[in-house]
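What follows is a set of notes on a single structure, which appears directly below.
Throughout, protein chains are lettered first and strands after them, A, B, ... in sequence-line order, and every chain is numbered starting at 1.
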Amino acid sequence: MLIPCPHCGPRDLAEFSYQGDATRVRPDPASTDMKAWYDYVYNRPNPSGPHREYWQHSGGCRAHLVVVRDTLSHEIISVAFAHAGLNTAEGRQ
Amino acid sequence: MSARRATGGGLIDRSQPIRFTFDGKTYTGYAGDTLASALLANGVTLVGRSFKYHRPRGIFTAGIDEPNALVTVLKDGVREPNIPATGIEIYDGLTAESQNRFPSLEFDLAAVNQLAGPLFSAGFYYKTFMGPVIGPLKGTRFWMFCEHFIRRAAGLGRAGYEKDPVRYEKMNAFCDVLVVGAGPAGLMAATEAAKAGKRVILAEQDPRLGGSANWSGEEIGGKKATEWAEVKAAELTALDNVQILTRTTVWGYYDGNNLAAIERVTDHLPAAPIGVPRHRHWSIRAGTVVLATGALERPLVFPGNDRPGVMLAGAAERYAREFGVLPGEKIAVFTNNDSAYRAAAALKEAGAAIVAIIDVRPEISPAARALAEQAGIAPLTGHAVTDTVGKRLTKVMVQHFDAATGRLSGDPRPIEADCLVVSGGWSPAIHLASQAGGAPVWDGKLQAFLPPEPNQKWVGAGAFTGALTTAEALSTGRDAGLKATGKKASRVKLPEVAAPALDPFPAAVFEIKAKGKAFVDLQHDVTADDVRLAHREGFVSVEHLKRYTTLGMATDQGKTSNVPGLAIMADARGLPIEKVGTTRFRPPFSPISIGSLAAERHWRFKPDRLTPMHDWHVKRRARMMEAGLWHRPMIYGEPGETVEQAYAREAAAVRRSVGICDVSTLGKIAVKGPDAAGFLDHVYTNVFSTLPVGKARYGLMLREDGIAFDDGTTWRLGEHEFLMTTTTANAGKVMQHLEYYLDVVWPQLKVHVTSVTDQWAGAAVAGPNARKVLQACVTGTAVDNETLPHMGIVHGEIAGAPVMICRLSFSGELAYEVYCGAGHGRHVWEALMAAGEPFGITPYGLEALGALRIEKGHVTGAEIDGRTTARDLYLDWMLSKKKPFIGSALMDREGQIDWSRLRLVGVISLDGRPLGGGAHIVEKADGNGLGTSIGHVTASCYSPALQKYIGLALVRGGKARHGTRAFLSDPLRKRFGQVEIVSHHFFDPEGKRLHG
Ligand SMILES: [Zn+2]
């Protein structure tokens with residue numbers, strides 16, 4: 001698998017760490033809604049097809065990326081920085 | 001006489017004789033021979049015994065598809081079994097053995113298995129060993145003995161027990177165009193791509209480029225095909241942008257056009273030159289792949305088709321033209337297509353007599369008829385071979401055959417022959433394309449599977465695409481090269497081909513149904529009747545058929561047997577072949593060495609991490625040990641001391657006066673920014689925003705699920721600046737953890753984290769005299785209790801180098817951690833040693849560090865093991881109730897506060913002998929010292945302070961067991977004994993000593 005890092009260009013899978021499902025949302029830190037916490041920590045859909053996930057370019061620029069990947073073909077559909085600010089030119093300055 | 005060397009011809013070098021040994025007997029071959037061709041040249045046609053029935057078997061192919069001629073090679077003191085003799089290049093001193101025979105190849109006792117035919121039919125293992133065992137044999141020793149014997153009788157070569165002494169290597173490569181296969185198609189594709197200026201890798205599994213050009217006997221561009229190939233190869237070799245890998249099999253096609261290949265670098269040499277690996281694993285990332293992998297010939301299935309002397313026609317042609325070897329003197333040909341006629345002409349030209357051409361078809365093409373004439377024989381059309389005779393072939397039985405109905409008629413008649421060459425048509429070698437994804441497509445005219453539509457970036461060329469003629473190979477090769485470059489106009493001229501105009505399409509005949517064992521899979525001894533049995537018993541899908549009969553599951557992965565097996569199943573089900581389906585091919589295309597996959601062990605790219613004081617430790621005769629990538633002193637042993645004596649002495653010195661320990665390996669992370677304090681409040685279970693500048697605090701981190709993650713001290717160096725320390729082992733994980741939260745969860749926080757582990761050197765100075773040591777060498781700041789209280793931080797200098805000193809203790813003694821720039825590390829360390837000399841300062845290693853922390857009951861990775869909670873470790877006091885933190889929501893779930901959890905305690909050995917880490921604790925021990933585990937020892941040592949063997953343990957119920965007794969149960973190390981369970985704070989539980 002080749003992931004095109006917006007910083008570094010296309011790089012081999014070996015340079016990245018999988019950092020989990022990017023569709024989950026962390027509950028408010030003070031939340032006591034246990035269902036929301038279980039969903040965040042444990043419950044994962046297992047979609048066949050496009051899937052949003054975090055990959056950290058740990059062997060490169062170390063940015064976390066949101067990668068949309070087809071779980072059937074491993075095709076990379078889109079890549080963006082997880083930190084929204086980095087996706088604009090001003091944000092990167 | 002049967003097989004022999006022809007008087008002329010072939011690409012072997014007759015001026016270079018080579019001596020080799022097979023089954024203890026010495027033979028001579030020539031440079032360029034394979035073991036198979038050299039054995040045939042010496043008249044050796046019996047080379048192995050079959051898998052289940054121990055039937056005699058001969059050489060069947062000339063390449064990687066070989067199912068029969070598997071041998072064991074003995075080299076460098078190691079036995080390597082199951083290598084096809086057709087792929088071994090001979091060298092002086094090559095030693096090989098046949099396999100699966102006892103006591104000898106000629107006379108094999110287990111051949112009686114043949115008489116027990118039905119016993120070994122499809123599903124034998126399942127029925128015999130998996131099903132209920134009936135009657136008095138059930139569970140008996142006799143039954144176990146039988147099973148052992150039967151399993152031994154059915155098998156391949158035996159591997160050795162010796163360690164493989166040879167080196168293997170890994171290589172990463174990138175190219176614009178990877179061409180797999182250097183036959184006429186591959187050579188054209190590589191030339192086209194190379195001339196367009198692309199970076200090209202051309203991989204060929206054989207030692208010589210040219211593929212079929214080396215045995216087709218055709219002419220290309222007005223030259224002999226083999227000469228044309230030689231010129232092309234030389235042209236490509238001269239180009240800087242082309243890398244040619246011979247003896248290299250591309251065996252895996254993975255995502256992102258990443259392909260795996262194995263280069264057999266020195267297998268063809270008597271000994272590997274120094275520094276040169278045996279095999280090199282290639283990971284190749286290609287822009288576009290040109291698949292020019294050719295086609296594999298299929299056999300026909302008929303009784304006796306496995307007898308030594310029966311061989312594929314294309315292989316026989318190759319032996320004659322490439323190796324100058326005749327597989328027989330009187331050769332019969334049996335075919336359903338035209339290609340075998342070319343083989344007949346080649347064998348005749350090399351000096352054999354063609355005694356018959358038996359063709360299942362009623363009519364044949366004029367080109368085939370012309371070749372038959374060259375071979376000097378009138379073909380027997382509308383005929384089939386129904387049996388073979390002889391231990392080594394002496395006769396074939398022939399009968400009238402109707403290809404449309406499959407019916408035999410008339411009386412069988414014998415034809416004397418010592419060799420029968422067979423062709424059942426050609427299957428494109430689509431394995432890599434199938435691995436890349438997509439389902440192969442059945443072609444009814446070619447009676448073969450064609451490659452799927454590409455869903456990765458590859459282009460097909462030559463016989464791989466089903467285009468079987470050389471002219472088509474050249475044009476599709478050029479087109480594929482052009483497509484790979486994305487260019488419009490070709491730079492390469494298409495050469496003319498002079499070749500007979502053969503009909504590429506075979507008759508749809510796969511099997512001659514007559515009485516006798518007709519083999520589909522020669523390597524696994526699967527017969528046509530086995531396939532039908534599987535059908536009758538309901539195993540009709542291809543995948544079930546494979547598993548039930550083991551068809552196609554041997555080391556050759558069914559290269560010759562897949563399509564015939566499928567055809568027989570289709571016939572049994574009354575369905576067309578395309579409705580029965582095919583299996584998807586998986587890597588590897590052909591067997592590869594485990595060594596090549598494990599090659600990283602021999603050539604690892606991971607760094608050795610050395611602290612700035614490393615050379616000092618070594619000079620001081622420290623015994624170093626690896627902690628992750630780090631090298632750390634274990635003990636600084638005195639002559640004659642045991643490890644235990646050394647660390648006990650070091651630890652005692654710390655408690656008595658003062659010691660010094662290199663702590664540079666602790667993870668260090670600079671946490672900076674206006675929101676740094678708030679961020680740490682989220683990350684740690686305890687509060688950091690209230691920490692004053694110039695003070696440090698011990699912190700604990702949990703995971704989201706409430707399990708303890710890491711601990712360490714964090715120092716507030718400024719309002720917006722912290723220095724976080726982590727355990728040595730978790731430095732990378734903690735860094736990643738922080739980055740994740742800042743990137744993903746709280747991107748609005750203005751915080752930046754930087755790993756500074758390698759920027760700081762650290763020394764822990766610990767013991768009652770630690771302050772005096774600092775007072776003797778620190779300038780620019782006072783270090784008295786007022787200026788530098790517990791958990792305080794000061795900045796100063798030691799011997800002119802700036803230092804940062806924090807008073808904190810892991811040992812429980814008055815202690816300081818002295819940090820300086822890594823470049824000053826050794827300088828500062830030596831200054832501390834000099835200042836400590838009057839107090840007998842003692843350097844201590846990891847073992848003493850461990851003993852000191854066990855005495856204090858401090859936890860490390862052995863207790864923070866990914867299963868324990870803060871409460872399990874009695875760190876409840878660190879869990880803030882004032883703020884949420886990572887893990888706070890889930891840490892107190894029912895299961896994580898259950899009474900029966902394993903919780904931290906201390907254990908003391910009551911028999912005066914050491915406790916072992918990992919040993920179980922049991923409440924009641926039986927006569928063998930065994931019992932139900934209530935927990936385990938996590939760390940143990942000899943405690944110089946208590947003068948006892950002690951340990952930390954995680955035990956069910958924890959504190960409630962203080963003061964009780966239990967048993968240590970360690971059957972692995974045969975260590976049993978009584979222990980007392982106590983508080984984990986063994987020494988100075990009130991913590992008076994660290995206040996000096
Ligand atoms: Zn990057």
Side-chain angles (χ1 to χ4, degrees), chain A residues 1-4 7 10-43 52-59 61-66 69-76 80-87 91, chain B residues 170 172-174 254-258 283-287 436-438 455-457 600 605 678-679 681-683 702-707 732-733 735-755 880 882-894:
Chain A
M1 223 163 80
L2 209 58
I3 299 178
H7 259 147
R11 296 301 179 94
D12 188 83
L13 176 65
E15 292 185 16
F16 293 85
S17 314
Y18 184 65
Q19 291 280 71
D21 186 331
T23 61
R24 64 198 168 127
V25 182
R26 193 175 194 268
D28 180 80
S31 166
T32 54
D33 177 353
M34 292 309 273
K35 166 90 173 53
W37 280 108
Y38 291 145
D39 284 344
Y40 174 64
V41 175
Y42 295 109
N43 297 331
R52 277 170 67 85
E53 45 201 33
Y54 292 121
W55 288 84
Q56 186 188 17
H57 194 190
S58 42
C61 63
R62 294 197 69 85
H64 281 80
L65 309 175
V66 177
R69 179 181 67 99
D70 191 312
T71 56
L72 289 177
S73 64
H74 293 184
E75 183 197 349
I76 307 286
F81 288 111
H83 195 300
L86 293 175
N87 289 319
Chain B
K170 276 194 183 190
N172 290 299
F174 302 86
Y254 296 93
D255 298 320
N257 259 25
N258 198 2
S283 172
I284 304 172
R285 177 83 68 184
N455 58 7
Q456 293 211 50
K457 283 190 185 165
E600 244 168 20
F605 291 107
F679 175 57
D681 281 349
H682 282 304
V683 167
L702 307 185
R703 309 189 310 213
E704 287 283 14
D705 62 1
I707 298 291
K733 272 195 231 162
M735 183 69 189
Q736 195 164 42
H737 180 75
L738 302 182
E739 287 171 327
Y740 175 82
Y741 282 93
L742 289 173
D743 255 1
V744 167
V745 181
W746 301 306
Q748 73 282 6
L749 292 183
K750 291 191 168 71
V751 181
H752 201 85
V753 290
T754 313
S755 168
S880 170
K882 296 190 187 113
K883 50 128 197 173
F885 48 85
I886 293 171
S888 60
L890 296 186
M891 68 179 185
D892 284 338
R893 283 174 291 156
E894 205 176 336

Side chain / backbone / both / neither for [X] at chain B, heavy atoms under 4.5 Å:
| X | result |
| --- | --- |
| A:Gln56 | side chain |
| A:Ser58 | side chain |
| A:Asp33 | neither |

Heavy-atom pairs under 4.5 Å with chain B - which of A:Val25, A:Leu13, A:Leu2 has more of them than the others? A:Leu2
Out of A:Ala82, A:Ala84, A:Pro29, return the one with the most heavy atom pairs under 4.5 angstrom to chain B.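 Maximum pair count with chain B is reached by A:Pro29.
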Which answer fits [X], side chain, backbone, both or neither, if we ask what part of it has an atom under 4.5 Å from a heavy atom of chain A?
| X | answer |
| --- | --- |
| B:Gln736 | both |
| B:Arg703 | neither |
| B:Leu742 | backbone |
| B:Phe174 | neither |

Once you round to the nearest 0.5 Å, how far does [atom1] of [X] lie from [atom2] of [Y]?
| X | Y | atom1 | atom2 | value |
| --- | --- | --- | --- | --- |
| A:Tyr38 | B:Arg893 | OH | CZ | 5.5 Å |
| B:Met735 | A:Arg62 | CE | CZ | 5.5 Å |
| A:Arg26 | B:Tyr741 | CZ | OH | 5.5 Å |
| B:Leu890 | A:Met34 | CG | CE | 5.0 Å |
| A:Asp12 | B:Asn258 | CG | CG | 6.0 Å |

B:Asp743 side chain to A:His64 backbone, donor-acceptor under 3.5 Å: yes
